[in-house]
*Asks:* 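Just dropping this structure here.
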Amino acid sequence: MAALAGPVERPTVVVLDGSLPLEGVKLETQAVPTVVLASALDRERLAQRGLQATFLQSWPPSLGELVEGVRAALPPGAREASDSAPSITLLIADDDPISRKLLQLHLAPFHFEVLSAADGKTALELARRQQPTLIIADVLMPGLDGFRLCLALRKDPRLSNVPILLTHVGAPDELDLRMAQNVGANGFVRRTQEGEEVLHALLRELRSGGAAAAPLDHGLSCDDHLYGMVRRLERQVGLLAQAERSARESEERYRLVVAGSYDGVWDWDLRQQTLWCSPRLLELLGRRPEEFPGTYDAFLDLTHPEDRRRVEQSLAAHLETGVPYDVSLRLRHADGSYHACVSRAQAMRDAQGRPVRMAGIINDVTEQLRLFRETQEAVRTRDEFLSVAAHELRTPLTALRLRLQGVNAAMQADTPTSPDRISQALVSADRQVQRLTGLVDTLLDVSQLQSHAPLLQLEQVDLAAVVREAVARSEQEASRAGCRLVMSPMPSTLGRWDPVRLAQVVRHLLANAMKFGPGKPVEVTLEARPDAAVLKVRDHGIGIEPERLDALFQRFERAVPVRHYGGLGLGLYRVRRIVEAHGGAVTVDSVLGEGATFHVRLPFEGPSVSNTRL
């Protein structure tokens with residue numbers, strides 16, 4: 001304060017540090033507008049002494065607040081002269097809109113003309129048109145980054161001496177400073193939320209009168225630096241992402257994650273006794289936010305009555321002893337159904353260890369539970385099929401082995417054996433071999449049908465001839481089952497079909513009819529309609545229960561329990577796949593206890609080319 005007491009040129013504005021002693025300040029200084037930087041305690045002390053001054057509201061003040069305070073304290077004439085000073089144009093190049101807006105707010109007290117660009121290319125074009133006084137560029141812009149932008153500006157004769165400040169959210173290291181020097185930047189400044197470092201560097205460059213940029217040093221190329229910078233960024237990307245986002249952005253990101261998550265989120269305030277449920281959780285339950293009261297009791301009311309006690313015990317154990325809260329429960333949907341869910345949560349405690357809040361997630365596992373049950377059923381069906389298949393294969397193998405052992409014993413016996421007896425045994429053995437071959441062929445065929453439609457060899461076929469031949473080949477089997485095969489008159493029915501595959505269809509249907517209607521007649525009819533041939537096979541056996549009709553043509557499905565009737569459960573599945581490959585359809589009508597009628601519809605033109613094999 002002694003400097004003010006001496007004979008010096010009268011200042012326009014005096015800026016005082018209020019924490020310093022003011023003894024020795026002459027009263028004539030009170031005629032000069034005074035701005036005091038002081039805390040609340042210092043302002044009270046100076047006011048008691050009668051100092052007339054402008055006190056800044058915040059302590060310590062920012063550079064922008066100091067400029068505003070000085071501008072407000074200027075006499076009207078000096079203020080008008082300041083406002084009429086030559087305008088300074090600043091160009092801000094930054095791809096982050098929040099960073100651009102924040103820097104513009106920091107520059108607002110200085111009344112500069114500010115231009116902004118969201119990328120390096122736009123900034124270069126804008127600089128060539130406007131020729132700014134100073135340029136501030138971020139080094140991590142996509143495409144043309146700050147370093148390349150600075151290099152391009154230095155190559156332009158009109159912009160070669162414009163001061164350029166490069167900014168970055170992190171503190172510059174040796175590589176950054178070296179590269180900034182090589183591309184001709186005037187400085188490399190760390191960008192902070194307060195912006196003080198950037199403002200000080202900006203004012204320093206303006207006060208220097210726009211000196212030429214640092215000389216270019218070709219010791220380190222731009223490409224080499226970029227390669228090194230990419231490697232460094234790969235290690236620090238997490239820190240950079242965190243530094244570039246404010247608390248408001250983090251909160252918004254959290255809300256977006258909660259809203260877009262498949263899991264439902266809940267937050268229980270134990271002190272206020274309020275329970276918040278995310279929109280996704282309410283959506284899982286078919287409810288709107290305004291329909292949920294937001295209390296623990298309301299949530300517990302949605303829990304299945306059989307699960308409430310278990311949920312309450314799990315919550316109490318977690319809150320009292322810290323046992324992990326991981327419970328399965330059923331929650332009531334708005335339509336009245338219950339959805340299977342899994343809930344996991346963690347309690348937050350105060351300094352005394354008391355739980356004050358609990359948050360967790362709820363995942364609807366109804367679909368996963370359904371798939372799990374279907375998988376279990378598929379495994380059970382597979383095991384049952386393997387057991388049946390082993391039995392079906394073992395039966396003819398046992399009979400074949402006995403026949404061969406009998407022939408071998410007869411050949412080794414001392415007494416002569418009748419050739420007719422040996423011939424009968426070999427015929428029986430051959431029949432068992434044919435049965436084995438049929439079972440193996442069926443298994444292989446079904447395995448191929450599962451992955452793709454059967455390949456057909458199409459030709460012009462008389463379906464009536466195919467049916468008559470299949471019936472004739474089934475007569476011996478029908479005789480053993482005590483069935484009489486009855487064929488109605490069949491006119492010649494020509495179509496484009498695969499005769500081998502259609503013969504398999506007829507034999508499967510006949511075998512199925514004889515299996516479930518032993519000792520009763522089996523009726524076969526063929527009808528030629530305008531666009532298709534319709535084959536019908538009717539039996540008078542046990543019939544089919546109505547609830548089994550829809551799944552009858554699926555793999556391993558049976559109309560009766562496997563312990564009462566043999567078979568692999570693949571015949572009707574094979575029939576459906578062959579008929580559909582011909583472009584047709586197979587259906588069944590049945591009355592329990594009165595038999596069943598299978599209808600096979602085959603269009604005359606046959607299937608599309610994609611299911612055929614020439």
Side-chain angles (χ1 to χ4, degrees), residues 250-384 547 550-551 554 556:
S250 299
E251 181 180 357
E252 183 64 24
R253 186 189 308 111
Y254 168 75
R255 293 185 181 276
L256 289 174
V257 169
V258 170
S261 174
Y262 181 78
D263 298 330
V265 179
W266 56 272
D267 187 353
W268 182 22
D269 190 331
L270 279 74
R271 292 173 294 190
Q272 301 296 329
Q273 287 300 308
T274 58
L275 182 67
W276 174 82
C277 294
S278 68
R280 175 57 182 167
L281 176 54
L282 296 176
E283 180 185 347
L284 290 175
L285 301 177
R287 303 176 188 276
R288 295 190 298 270
E290 59 270 16
E291 296 176 347
F292 182 68
T295 63
Y296 169 73
D297 292 335
F299 178 79
L300 196 62
D301 184 60
L302 299 176
T303 307
H304 195 283
E306 298 177 0
D307 300 337
R308 291 177 188 173
R309 181 174 179 81
R310 180 163 45 83
V311 171
E312 290 178 318
Q313 290 176 344
S314 299
L315 282 171
H318 178 71
L319 295 176
E320 293 173 4
T321 64
V323 176
Y325 178 78
D326 189 344
V327 63
S328 59
L329 69 161
R330 289 165 290 178
L331 295 176
R332 188 175 70 250
H333 195 271
D335 59 9
S337 64
Y338 281 92
H339 286 210
C341 300
V342 173
S343 180
R344 301 178 180 88
Q346 179 68 42
M348 292 176 284
R349 304 176 184 272
D350 58 14
Q352 289 74 35
R354 295 171 298 189
V356 295
R357 195 172 182 177
M358 188 172 179
I361 63 172
I362 290 181
N363 187 12
D364 188 341
V365 295
T366 304
E367 181 65 14
Q368 291 92 320
L369 186 60
R370 182 188 66 80
L371 294 175
F372 174 72
R373 289 171 178 169
E374 289 182 355
T375 302
Q376 285 185 316
E377 178 63 20
V379 171
R380 185 199 63 79
T381 303
R382 180 205 63 186
D383 294 341
E384 183 179 275
E547 59 270 16
D550 292 338
Q554 302 299 323
F556 313 127

*Asks:* Show me, pair by pair, the donor-acceptor contacts under 3.5 angstrom made by side chains of residues 319-327, not counting sequence neighbours?
*Replies:*
{"unit_1": "T321", "atom_1": "OG1", "unit_2": "A317", "atom_2": "O", "d": "2.7"}
{"unit_1": "D326", "atom_1": "OD2", "unit_2": "R344", "atom_2": "NE", "d": "3.3"}

*Asks:* CD of E290: more than 12 outside heavy atoms within 6.0 angstrom?
*Replies:*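 Result for CD/E290: enclosed.
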
*Asks:* Going by salt bridge (charged side-chain N to carboxylate O under 4.0 Å, His left out), name the residues that satisfy it together with R357, two or more places apart in sequence or in a different chain.
*Replies:* D267

*Asks:* Would V365 and F372 count as a side-chain contact (heavy atoms from CB on, under 4.5 Å) if you check the C-alpha gap in whole Å, the side-chain angles of each, and the deciding distance to 0.1 Å?
*Replies:* CA-CA 10 Å; V365 295; F372 174 72; over 6 Å; no

*Asks:* What pair of heavy atoms forms the shortest contact from A340 to R330, and how long is it?
*Replies:* CA-CG, 4.4 Å

*Asks:* State the CG-CG distance between L284 and N363, to the nearest 0.5 angstrom.
*Replies:*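 Answer rounded to 0.5 Å: 8.0 Å.
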
*Asks:* How many angstroms lie between SG in C341 and CG in L331, if you round to the nearest 0.5 Å?
*Replies:*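 That separation rounds to 4.5 Å.
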
*Asks:* Identify, with sequence neighbours excluded, every residue that meets side chain to side chain donor-acceptor pair (under 3.5 Å) alongside Q273.
*Replies:*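 Checked Q273 against side chain to side chain donor-acceptor pair (under 3.5 Å); zero matches.
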
*Asks:* Quick one: do V265 and W276 satisfy side-chain contact (heavy atoms from CB on, under 4.5 Å)? Show the steps, please.
*Replies:* CA-CA 8 Å; V265 179; W276 174 82; 4.2 Å; yes

*Asks:* Residues two or more places apart in sequence or in another chain: which of them pass salt bridge (charged side-chain N to carboxylate O under 4.0 Å, His left out) with E312?
*Replies:*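 Once residues adjacent in sequence are excluded, E312 has no partner under the salt bridge (charged side-chain N to carboxylate O under 4.0 Å, His left out) criterion.
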
*Asks:* With a 4.5 Å limit on heavy-atom distance, are the side chains of M358 and D269 in contact?
*Replies:*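 Answer no - side chains too far apart.
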
*Asks:* Test of understanding: with side chain to side chain donor-acceptor pair (under 3.5 Å), list the residues that count as partners of E283, not counting sequence neighbours.
*Replies:*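 In terms of side chain to side chain donor-acceptor pair (under 3.5 Å), with neighbours along the sequence ignored, E283 is linked to R280.
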
*Asks:* Sequence neighbours left out, what pairs pass ring pair (Phe, Tyr, Trp, His ring centres under 6.0 Å) with at least one residue falling in residues 299-319?
*Replies:*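 For residues 299-319: H304-Y338.
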
*Asks:* What do the steps show when you test R370 against E367 for side-chain contact (heavy atoms from CB on, under 4.5 Å), and what is the final call?
*Replies:* CA-CA 5 Å; R370 182 188 66 80; E367 181 65 14; 2.3 Å; yes

*Asks:* If you apply the rule side-chain contact (heavy atoms from CB on, under 4.5 Å), what do you find for D301 with R332, and how did you get there?
*Replies:* CA-CA 9 Å; D301 184 60; R332 188 175 70 250; 3.6 Å; yes

*Asks:* Can you list everything that forms a side chain to side chain donor-acceptor pair (under 3.5 Å) with T295? Sequence neighbours excluded, please.
*Replies:* none

*Asks:* For residues P355 and L270, report the shortest heavy-atom separation together with the two atoms involved.
*Replies:*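 Taking every non-hydrogen atom into account, O-CD2, 4.0 Å.
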
*Asks:* Please name all residues satisfying ring pair (Phe, Tyr, Trp, His ring centres under 6.0 Å) with Y296, sequence neighbours left out, ordered by chain then number.
*Replies:* W268

*Asks:* Go through the structure and list residues passing salt bridge (charged side-chain N to carboxylate O under 4.0 Å, His left out) with R309, not counting sequence neighbours.
*Replies:*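 Checked R309 against salt bridge (charged side-chain N to carboxylate O under 4.0 Å, His left out); zero matches.
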
*Asks:* Applying side chain to side chain contact (heavy atoms under 4.5 Å, CB included), can you list everything that pairs with A334, at least two apart in sequence or on another chain?
*Replies:*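 Counting only residues at least two positions away or on another chain, A334 forms a side chain to side chain contact (heavy atoms under 4.5 Å, CB included) with R287.
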
*Asks:* Is there side-chain contact between V311 and S314, with at least one heavy-atom pair below 4.5 Å?
*Replies:*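 V311 vs S314: side chains apart.
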
*Asks:* Minimum heavy-atom separation for H333 and L285, please, with both atom names.
*Replies:* CD2-C, 3.4 Å

*Asks:* Going by side chain to side chain contact (heavy atoms under 4.5 Å, CB included), name the residues that satisfy it together with S328, two or more places apart in sequence or in a different chain.
*Replies:* R310

*Asks:* I need the minimum non-hydrogen distance between S343 and I362, along with the two atoms involved.
*Replies:* OG-CG1, 3.6 Å

*Asks:* D350: what forms a salt bridge (charged side-chain N to carboxylate O under 4.0 Å, His left out) with it, not counting sequence neighbours?
*Replies:* R354

